[in-house]
Amino acid sequence: MYHQAVFDEPLILNVRGRRTLKIPLENEKFKVDVPSIMRRENIGIGDREEFSVVRHYVKLSEMNFGADSGFYPLGSCTMKYNPKINDEIATLDGFRMIHPLQDSSEVQGALRLLYELSESLKKITGMDEITLQPLAGAGGEFTGLSIVRAYFDCKKELGTRREVVVPDSAHGSNPASSHMAGFDVVQIPSTEDGTVDIEKFKEAVTERTAAFMITNPNTLGIFEDKIVEMANYAHSKGALLYYDGANLNGIMTKTTPAKMGFDIVHLNLHKTFSTPHGGGGPGAGPVGVVENLKDFLPYPLVTFDGEKYSNDYVPPKSIGKVASFYGNFGVLVRAWTYIKMMGEDGLRDACETAVLNSNYMRKKMQQFMPVPGKTIKKHEFVASSVGANMPKAGDIAKHLIDNGVHAPTIYFPLIVPEALMVEPTESATKTEMDLFVETVRQTLKLSHEAFEKEPVNLKVTRIDDVDASKNPKPTLRMVRKEQREPLQQMI
Amino acid sequence: MVIMSGDLSELLKELNIRSVDELFKDIPESIRTKMLGLPNGMDEDEIRRVAGEYVGMNKTVNQLHSFLGFGLYNHYVPAAISNVVNRNEFLTAYTPYQAEISQGIMQALFEYQSLAAELLQMDVVNSSMYDVSTSLGEAARMAKTITGKDEFIVPKYISRNKRAVLDNYAKGAEIKIKEVDFDDRGMIDIDSLEKNLNDNTSGVYAEYPNMFGIIDTNVPKIKETIGDDRMFVAGVNPISLGVLAPPGKFGADIAIGEGQVLGLGLNFGGPVVGVFGTKEQYIRKMPGKIMGMTKDHNGRVAFSMILQTREQHIRREKAITNMTSNQALMAVASAVFLSLLGDSGLRKIGEVNMGRTRELIDIVREFGVKLPYDGSPVFNEFLIRLKESKTFVNRIAKKYNLIPGYMLGKEYGFNDRNQVNIVTNVTERNTSKDFDAFREFLREVA
Ligand SMILES: Cc1ncc(COP(=O)(O)O)c(C=O)c1O
């Protein structure tokens with residue numbers, strides 16, 4: 001039986017004491033002459049001991065659940081095991097204590113690593129050039145779509161190519177990134193079998209289309225087997241193809257985005273390449289492009305002349321920059337380590353095992369819950385808790401977390417009602433997967449009243465998110481402003 | 001290394017298939033790959049050896065006398081930070097979509113928001129942006145959304161990195177970027193700012209300390225100059241706010257900064273974290289995830305991801321931003337840093353930075369070197385002008401194992417081949433040996 005630790009832990013701002021951490025040159029006196037108008041008066045966060053800080057955050061961590069805490073089949077997020085060696089390598093002094101503006105002769109090891117990672121990602125995606133700069137998947141999308149924009153601008157077609165076409169099953173960041181890059185979004189429907197409706201696709205893709213954007217396997221975990229036909233058609237209309245690499249784990253080593261006909265690819269290294277997600281980030285979203293888009297990539301690119309690595313190459317039509325420096329280097333080191341350790345066989349095994357696990361779970365779940373779309377899935381599948389007396393996806397999720405199993409992604413993709421998007425990854429045992437399925441099966445028998453009470457084994461029970469947003473309290477400052485008594489007492 | 005999950009034959013049997021190949025038969029033969037050409041995997045011992053070789057090819061700032069900053073600073077990183085962020089429960093969690101099982105990280109992020117809000121004296125801070133450059137891009141977009149206007153003014157001198165990212169965001173949002181010059185003290189020229197304002201101006205960005213390290217005393221005049229219907233976006237160095245007044249005091253509508261200084265170390269430039277704050281009335285137009293304090297159904301204090309209807313997973317193309325993953329763990333690291341230092345530590349570290357910088361400036365002056373903005377107050381960076389060629393200066397610096405700072409090139413309009421303009425940074429980590437090396441260097445280049 002699962003029980004999460006429960007502490008009534010005050011906010012760190014209200015843990016007050018004496019500072020024990022010593023600052024370099026703590027005891028020296030300095031003359032500080034800030035002009036009076038620019039002078040800080042009080043700060044307002046208080047002092048406390050180092051041990052109080054550590055105890056506080058250890059307690060908070062015990063009220064949290066990570067992929068190292070248990071099975072975490074959060075669909076679309078690829079919560080595979082994060083090998084510990086990754087962290088060890090990334091925190092070596094020689095990687096940690098270097099500055100991105102140092103002369104390239106002093107950071108040859110770092111540049112070599114970045115160069116090698118790019119080369120590996122080129123092989124894995126089939127793309128001709130890679131930038132490692134984007135800081136997450138959505139940042140990669142924005143980068144890729146900025147390249148689309150620059151490409152058509154260069155061809156003097158931007159005036160007419162105003163649209164990005166996405167399937168209705170697409171992740172929300174796809175249309176959001178398209179909009180940020182200045183495009184209008186055209187959404188096309190999927191068919192019963194869960195793949196793109198080719199007829200509707202052909203109607204939507206025209207001379208107004210700048211790019212067609214899709215992930216394959218798609219967000220239902222289904223391989224879009226007409227991808228080549230779609231690619232050819234889009235290209236015949238002069239449009240580019242954008243690959244959202246969030247689901248690469250389902251096809252890695254089996255095919256490449258290049259073979260499918262894509263021109264631009266982003267990867268989520270924090271998904272497919274095992275870097276830890278840190279409770280929301282950091283991630284990394286490298287972008288690969290085919291030959292005729294190379295000149296548009298962000299600068300600088302790392303190059304190698306056979307002897308030394310350089311970091312000053314600016315592609316001739318570069319879109320500029322999408323992040324301050326070289327991207328989330330610490331994340332890139334972890335992904336490099338992962339690829340080196342796995343090798344080609346390891347990556348293939350990861351993909352195969354992830355797909356096998358997913359289909360195994362799909363088959364078990366199907367016994368009591370519809371799983372829409374084609375039978376064979378890739379790394380994930382989406383079950384739909386619909387039908388007489390079927391529980392709501394949200395209720396199933398709460399029952400799962402109450403039993404120490406992380407919930408799947410719910411209510412996404414939007415085209416599946418009561419969606420449960422399950423992605424076991426390769427890091428799951430049969431026992432864990434069986435327990436998940438059994439725990440979901442239990443919910444079929446639970447009454448409305450029973451659901452209402454769950455969760456009971458966690459720090460808190462259900463939260464009224466709507467009220468939390470209606471009356472937002474995003475900082476202690478704002479809480480104090482409102483002077484809401486009951487909350488005040490508990491913090 | 002192969003991370004495998006035990007005996008797969010049982011799973012194959014359950015699926016009535018003989019090989020996993022059957023699960024890939026929907027991938028058309030014509031697009032299958034045989035071999036990608038990646039090498040065989042390694043074991044941990046091997047990768048340690050290889051990585052050891054690579055780190056050996058790098059020269060760390062600890063092996064040099066480094067005065068290099070320019071947007072990324074060599075500050076002291078307390079040991080407790082890595083200890084906390086390496087807690088597996090934080091490190092290996094996803095974004096807290098299931099709030100009840102993720103209260104730990106949500107409280108930690110709420111604390112980060114609260115600590116940063118005090119530091120900036122802004123009502124709201126989000127739970128992290130990618131970095132300061134993307135924060136600037138998002139701030140320009142936000143200014144357009146709020147005001148409905150499309151000209152955004154930035155100082156002529158901001159780092160090219162920030163500017164190049166901003167330009168990208170501006171292009172997509174059809175925002176025109178205009179520049180305002182500095183006066184002869186290296187500060188925003190308020191007269192020229194006033195002349196630049198027009199009916200289309202959405203907002204103005206200004207920094208203190210600015211690109212030359214200068215504590216711009218014209219910043220307090222910006223809000224009154226531009227008025228209530230234009231956004232003032234203030235750029236700050238968060239670690240300076242123990243000694244410098246917060247942007248909230250100067251009426252900033254949006255405040256941004258590079259949070260790397262708050263205990264994140266260098267890491268060749270990432271992961272870092274963009275600090276992003278605003279006023280209460282603009283919270284619904286602010287990008288990024290926000291944790292909010294609320295209660296659960298039993299009346300217990302709880303944390304929830306609020307205002308999600310601004311976000312891509314609900315709003316899609318109408319979302320405030322596309323940002324999905326962010327830099328959450330770096331925000332937690334910053335929260336640990338701020339709570340470890342506290343008020344007294346922040347003040348102290350600010351004083352040490354300013355004080356040590358003042359000491360180096362005095363040394364530079366002793367050698368008769370020109371400080372283009374001599375007399376303007378600085379925090380921990382300042383501009384030096386040497387009447388020598390870049391090649392010569394670099395050679396001497398190398399001789400003393402020194403990085404004297406960041407050399408500004410033609411991208412900043414510094415075209416004169418016979419002089420070098422260096423932005424020099426001093427932090428609490430610079431020792432007296434570093435100062436000695438700088439003296440030796442000056443002896444030859446001054
Ligand atoms: C299908 C898909 N596309 C894009 C993204 C965005 O990636 P990131 O969170 O790294 O920005 C995600 C992840 O959330 C995703 O699942």
Side-chain angles (χ1 to χ4, degrees), chain A residues 12 21 24 30 43-44 47 57 60-61 63-68 89 94 97 100 106 108-109 123 135-136 138 172-173 175-177 179 181-182 185 223 259 276 278-283 320-321 324-325 328-330 341 343-344 346 352 360 401 458-460 463 468-469 473-476 490, chain B residues 1-2 11 20 26 31 36 38 40-41 51 54-55 57-60 84 87-89 91-93 95 100-101 103-105 114 117-118 124 130-131 133 161 164 172 267-271 293-294 296 301-302 304 306 312-313 316-317 319 322 324-329 339-340 342-343 355 428:
Chain A
I12 192 70
L21 185 85
F30 292 98
I43 300 173
D47 284 1
Y57 284 106
L60 293 194
S61 74
M63 297 188 283
N64 213 57
F65 191 93
D68 287 348
I89 301 294
M97 302 299 285
E106 291 168 355
Q108 284 291 300
K123 292 196 170 108
L135 298 175
S173 58
S177 302
H179 176 74
V185 177
F223 190 80
K259 288 221 166 206
K321 287 178 74 77
S324 296
F325 299 105
N328 276 330
F329 181 71
M341 301 262 315
E344 181 154 346
E352 289 178 353
Y360 171 73
I401 58 174
L458 305 173
K459 164 72 199 295
V460 295
I463 298 165
S469 290
K473 284 183 269 305
T475 52
L476 183 57
M490 296 198 63
Chain B
M1 175 185 67
V2 178
L11 302 186
V20 285
D26 49 354
I31 58 168
L36 301 174
L38 291 170
N40 290 332
Y54 287 29
V55 294
M57 294 160 67
N58 294 337
K59 222 169 183 183
T60 70
V84 168
R87 293 286 302 185
N88 305 43
E89 302 90 334
L91 181 69
T92 69
T95 305
E100 298 87 347
I101 203 169
Q103 287 292 298
I105 193 108
S114 298
E118 292 304 321
V124 199
Y130 293 149
D131 66 7
S133 301
N161 290 345
N267 293 301
F268 207 43
M293 183 180 265
T294 182
D296 74 358
V301 170
S304 150
I306 59 171
Q312 49 73 26
H313 59 285
R316 300 178 76 84
E317 69 269 23
N322 64 341
T324 310
S325 293
N326 51 26
Q327 303 283 117
L329 196 67
S339 43
L340 283 170
D343 291 355
E428 74 286 351

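Numbered from 1 within each chain, the chains take letters A, B, ... in sequence-line order. Values below: all heavy atoms of this structure, side chains included; hydrogens, waters and symmetry mates excluded.
- Here B/Glu100 is the residue among B/Lys59, B/Glu100, B/Gln103 with the most heavy-atom pairs under 4.5 Å with chain A.
- Across B/Val20, B/Asn322, B/Val55, the residue that shares the most heavy-atom pairs under 4.5 angstrom with chain A is B/Asn322.
- Side chain to side chain, B/Gln327 and A/Asn328 meet the donor-acceptor criterion of an N or O pair below 3.5 Å.
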For this session: Would you sort out whether A/Phe65 and A/Ile401 count as a side-chain contact (heavy atoms from CB on, under 4.5 Å), showing the intermediate values?
Result: CA-CA 9 Å; A/Phe65 191 93; A/Ile401 58 174; over 6 Å; no
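- Using modelled atom types, one finds a donor on one side chain and an acceptor on the other under 3.5 Å when comparing A/Ser324 with B/Asp131.
- Not counting sequence neighbours, the partners of B/Phe268 by the ring pair (Phe, Tyr, Trp, His ring centres under 6.0 Å) test are A/Tyr326, A/Phe329.
- Counting heavy-atom pairs closer than 4.5 Å to chain B, the top-ranked of the candidates A/Gly320, A/Gly279, A/Gly66 is A/Gly279.
- Considering only heavy-atom pairs separated by less than 4.5 Å from chain B, the leading option among A/Met63, A/Glu106, A/Lys459, A/Glu352 is A/Glu106.
- Of the listed residues (B/Ile306, B/Thr324, B/Asn267, B/Thr95), the greatest number of heavy-atom pairs within a distance under 4.5 Å of chain A belongs to B/Asn267.
- Residues that satisfy the side-chain contact (heavy atoms from CB on, under 4.5 Å) test with A/Asp68, not counting sequence neighbours, are A/Tyr81, A/Lys84, B/Asn88, B/Thr92.
- Between the side chains of A/Thr475 and B/Ser114, no donor-acceptor pair is found at a separation under 3.5 Å.
- Ranked by heavy-atom pairs under 4.5 Å with chain A, the first of B/Gly172, B/Ala164, B/Gly355 is B/Gly172.
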Exercise. Does the side-chain contact (heavy atoms from CB on, under 4.5 Å) test come out yes or no for B/Ser339 and A/Tyr57, once each step is laid out?
Worked result: CA-CA 11 Å; B/Ser339 43; A/Tyr57 284 106; 4.0 Å; yes
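- With rounding to the nearest 0.5 angstrom, the OG atom of B/Ser325 is 7.0 Å from the OH atom of B/Tyr130.
- Heavy-atom pairs under 4.5 Å with chain B were tallied for A/Pro282, A/Ala136, A/Gly330, A/Gly283; the largest tally goes to A/Pro282.
- Per-residue counts of heavy-atom pairs under 4.5 Å with chain B were compared for A/Gly280, A/Ala176, A/Gly182; the largest is that of A/Gly280.
- With a threshold of 4.5 angstrom between heavy atoms, A/Ala468 approaches chain B through its backbone and through its side chain.
- For the options A/Ser61, A/Ser173, A/Gly44, heavy-atom pairs under 4.5 Å to chain B are most numerous at A/Ser61.
- Looking at B/Val124, both its backbone and its side chain come within 4.5 Å of chain A, counting heavy atoms on both sides.
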For this session: Take B/Val301 and B/Met293 through the test side-chain contact (heavy atoms from CB on, under 4.5 Å) and record every step on the way to the result.
Result: CA-CA 7 Å; B/Val301 170; B/Met293 183 180 265; 4.1 Å; yes
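- Of the two parts of A/Ile89, only the side chain, counted from C-beta on, holds a non-hydrogen atom closer than 4.5 Å to a non-hydrogen atom of chain B.
- Contacts with chain A were tallied for B/Ile105, B/Ile101, B/Asn161; B/Ile101 has the most, counting heavy-atom pairs under 4.5 Å.
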